Amino acid sequence: MSFDVPQEEFEQAAERLLHWISDYLENSQKYPVLHRVEPGQIRAALGEACPDQGTPLEQLLDEFEKVMVPGLTHWNHPRFFAYFGISASAPGVLADFLSSALNQQAMLWRTSPAATETEQATVGWLRDLMGLPSTFDGVIYDTASVSTLHALACARDRSIPGFRTKGFQGKTPVVYCSDQTHNSIDKAIIMLGVGLEYLRKIPTDENFAMRPEALREAVRRDLKAGLTPCAVVATVGTTSTTAVDPVAAIADICEEYKLWLHVDAAYGGSTALLEECRPYFDGCDRIQSLVINPHKWLFTPFDLSVLYVADMDVLKETFSLVAEYLKTSDDQVHNLMDTGVQLGRRFRSLKLWMIMRYFGAEGLRERVRRHLQLARQFASWIDKHPDYERLAPVLMSVVCFRYRPAGATEEQVEALNFRLMEELNAEGTLFLSQTRLRGTFTLRLAIGNLRTTEAHVAEAWEQIQKLSRR
Ligand SMILES: *Cc1c(COP(=O)(O)O)cnc(C)c1O
């Protein structure tokens with residue numbers, strides 16, 4: 001270790017860090033949920049340039065606590081209710097630590113048989129827990145945005161034969177999604193050269209789910225205009241309200257017009273583990289691809305997203321290129337570099353393995369189910385109170401609502417809710433975020449942290465009522 005940290009210093013620092021992390025995970029509620037810094041503050045405290053001389057690890061850990069901790073927004077906090085609740089579970093933290101030390105670069109099977117096959121095994125387990133067809137194969141990327149980009153690249157190539165070598169050849173592919181879809185789809189469209197004008201946002205019904213008959217009409221119109229309908233993205237668990245697009249009805253249309261059907265279940269995918277939520281996934285045996293983010297609602301430290309494809313060969317045909325220096329004599333092996341844009345990749349599946357094995361399938365189900373119950377509980381409090389209004393059905397673990405005291409005008413209600421959110425977040429006991437539903441400013445309370453209990457949700461409700469009255 002002589003050119004690295006001396007072993008003794010490493011062990012001391014690691015021990016201190018271990019205690020810090022263990023206290024942090026156990027007691028994250030001692031921090032304000034939202035950071036406490038001004039823009040530029042952390043950067044200024046870090047200094048202008050890298051010092052010439054090195055600094056002992058012990059001192060760096062001190063500096064981390066002093067300078068960076070105030071600039072953390074605590075996603076692990078049990079009263080983090082903004083965006084989507086996520087959690088770094090302890091098994092996931094340990095696996096990530098180990099993965100960094102091992103420094104596996106799993107581009108080829110031979111550069112890490114363990115990382116390659118652990119990935120194949122764990123994504124297979126997760127597929128089976130979700131009830132997806134056993135013929136589906138999965139690959140791990142960093143984020144859902146990147147998973148979806150890969151899926152839509154396959155769709156584009158399939159709709160325009162020879163795309164890989166000849167490009168668009170005068171064809172104009174068109175992609176369809178609902179007006180509630182996550183903007184990672186828009187970003188994929190930008191990257192794929194399709195042009196945002198050819199991303200059709202199909203209107204949704206009163207529950208914010210895509211209207212299949214409007215989809216069919218749009219496809220027909222585009223075909224008539226000489227365009228090339230290419231793919232549909234259906235969402236199971238939209239970002240604003242967790243709405244569920246009718247996958248089976250959409251699959252009928254996709255089969256009729258030979259369109260690629262990609263399902264964005266980045267957040268909602270975890271509910272497929274529960275028998276009672278399986279109906280949300282009806283039709284998923286007739287799709288071409290699906291993304292789920294274990295880093296969202298499966299207790300996996302950021303980042304880890306899984307893309308499932310019905311036919312792994314299509315993904316390989318789209319991305320595989322083998323340079324001379326990467327050729328190996330291993331046959332019958334799966335080389336992860338063939339399954340996407342990146343060549344190398346870290347040993348992310350170690351996290352998934354450690355988490356799935358530590359909690360077990362039943363442990364994962366129980367934890368997701370508990371979050372669904374907490375959300376329903378909060379929704380029932382909103383529904384019972386005359387001064388609050390719920391703005392969307394609660395299908396998963398997100399509640400959309402607003403404060404609406406009797407006699408207030410629409411404008412006043414809008415301003416009140418904006419101020420309510422700002423003041424709740426400034427206080428630091430909880431963190432909420434907003435969305436807009438058909439133009440209406442809406443508060444979102446999202447439950448998904450491993451450490452959130454009914455008491456935390458009740459405290460949030462108390463706090464919301466207290467500040468509303470004020
Ligand atoms: C969060 C989310 C995404 C984006 O996830 P990243 O992993 O951050 O790219 C995409 N779609 C849906 C429905 C999401 O909830």
Side-chain angles (χ1 to χ4, degrees), residues 73 75 80-88 92 123 126 130 138-153 175-192 199 201-202 204 207-210 231-247 250 261-272 277 280-281 284 287 289-308 340-342 345-346 348 351-352 368 371 375 392 395-400 433-435 437 444-449:
T73 290
W75 289 75
F80 184 106
F81 297 119
Y83 316 111
F84 281 121
I86 61 174
S87 5
V123 302
L126 181 58
M130 293 175 70
V139 55
I140 294 177
Y141 300 118
D142 53 359
T143 56
S145 305
V146 167
S147 293
T148 292
L149 176 65
H150 282 86
L152 291 180
V175 176
Y176 307 81
C177 63
S178 91
D179 59 18
Q180 298 293 310
T181 307
H182 190 271
N183 74 7
S184 54
I185 317 305
D186 303 59
K187 283 203 185 170
I189 293 302
I190 296 170
M191 287 283 287
L192 294 169
L199 176 61
K201 302 272 172 95
I202 305 299
T204 47
N207 294 324
F208 305 99
M210 190 193 292
V232 179
V233 179
T235 308
V236 175
T238 60
T239 313
S240 279
T241 69
T242 77
V244 173
D245 289 336
V247 177
I250 294 169
L261 177 49
H262 174 64
V263 170
D264 182 355
Y267 151 77
S270 297
T271 65
C277 295
Y280 299 158
F281 298 85
C284 281
I287 64 177
S289 55
L290 175 145
V291 58
I292 172 179
N293 276 355
H295 73 221
K296 263 195 176 134
W297 198 7
L298 222 50
F299 322 120
T300 306
F302 198 73
D303 49 17
L304 199 163
S305 174
V306 183
L307 176 69
Y308 286 105
V341 167
Q342 63 186 109
R345 60 195 66 220
R346 65 190 261 109
R348 286 199 186 86
K351 288 190 278 205
L352 204 48
V368 172
H371 289 155
L395 300 185
M396 296 180 184
S397 67
V398 172
V399 182
C400 292
S433 58
Q434 86 279 9
T435 188
L437 297 177
R444 274 172 92 261
L445 183 117
I447 294 163
N449 188 278

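Quick caveat, the model's predicted, so the values are computed rather than measured. All ligand and atom numbering here is 1-based and tracks the order in the structure.
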Worksheet item: Between T242 and T271, does a side-chain contact (heavy atoms from CB on, under 4.5 Å) hold up when you go through it step by step?
Response: CA-CA 11 Å; T242 77; T271 65; over 6 Å; no
Item to complete: Just do the side-chain contact (heavy atoms from CB on, under 4.5 Å) check on V123 and V139 with the steps written out, would you?
Response: CA-CA 7 Å; V123 302; V139 55; over 6 Å; no
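The shortest distance between side-chain heavy atoms of P301 and K351 falls below 4.5 Å.
The environment of Y83 atom OH is sparse: at most 12 non-hydrogen atoms of other residues, nucleotides or ligands sit within 6.0 angstrom.
Within the model, atoms OH of Y176 and CG of L199 stand 10.0 Å from one another, a figure rounded to the nearest 0.5 Å. Taking CD1 of I292 as the start and OG of S305 as the end, the distance is 8.5 Å to the nearest 0.5 Å.
For a threshold of 3.5 Å applied to N or O pairs, the pair formed by T238 and ligand 1 contains no separation below that value. Residue D264 has at least one nitrogen or oxygen atom sitting less than 3.5 Å from a nitrogen or oxygen atom of ligand 1, judged on distance alone. The shortest N/O to N/O separation between F84 and ligand 1 does not fall below 3.5 Å. Some N or O of N293 is nearer than 3.5 Å to an N or O of ligand 1, by distance alone.
Comment: D303 engages R348 in a salt bridge, judged by a side-chain N to carboxylate O separation of less than 4.0 angstrom.
Side chain of H295 to backbone of T143: no donor-acceptor contact under 3.5 angstrom is found. Formation of a donor-acceptor pair under 3.5 Å by the D264 side chain with backbone atoms of A266 is found in this model.
Under the 4.0 angstrom criterion for non-hydrogen atoms, G268 is not in contact with ligand 1. At least one heavy atom of S184 sits closer than 4.0 Å to an atom of ligand 1.
Taking every non-hydrogen atom of T239 and a distance limit under 4.0 Å, the qualifying atoms of ligand 1 come out as 12 (C), 13 (C), 14 (C), 15 (O). Atoms of ligand 1 found under 4.0 Å from any heavy atom of H295, numbered from 1 in the order shown, are 7 (O). Distances below 4.0 Å separate heavy atoms of G237 from the following atoms of ligand 1: 13 (C).
When I185, D142, T143, I292 are ranked by how near their heavy atoms come to atom 8 (O) of ligand 1, first place goes to T143. Remark: among candidates A265, S240, S145, the nearest residue to atom 9 (O) of ligand 1 is S145, based on non-hydrogen atoms.
With a 4.0 Å cut-off on non-hydrogen atoms, A266 touches ligand 1 through its side chain and not its backbone.
Side-chain contact of H262 with T148: a donor-acceptor pair under 3.5 Å is present, judged by distance alone.
Shortest contact from atom 14 (C) of ligand 1 to any protein heavy atom: K296 NZ, 2.8 Å. For atom 4 (C) of ligand 1, the closest non-hydrogen atom of the protein is H182 CE1, 3.4 Å. Of all protein heavy atoms, the one closest to atom 6 (P) of ligand 1 is A144 N, 3.5 Å.
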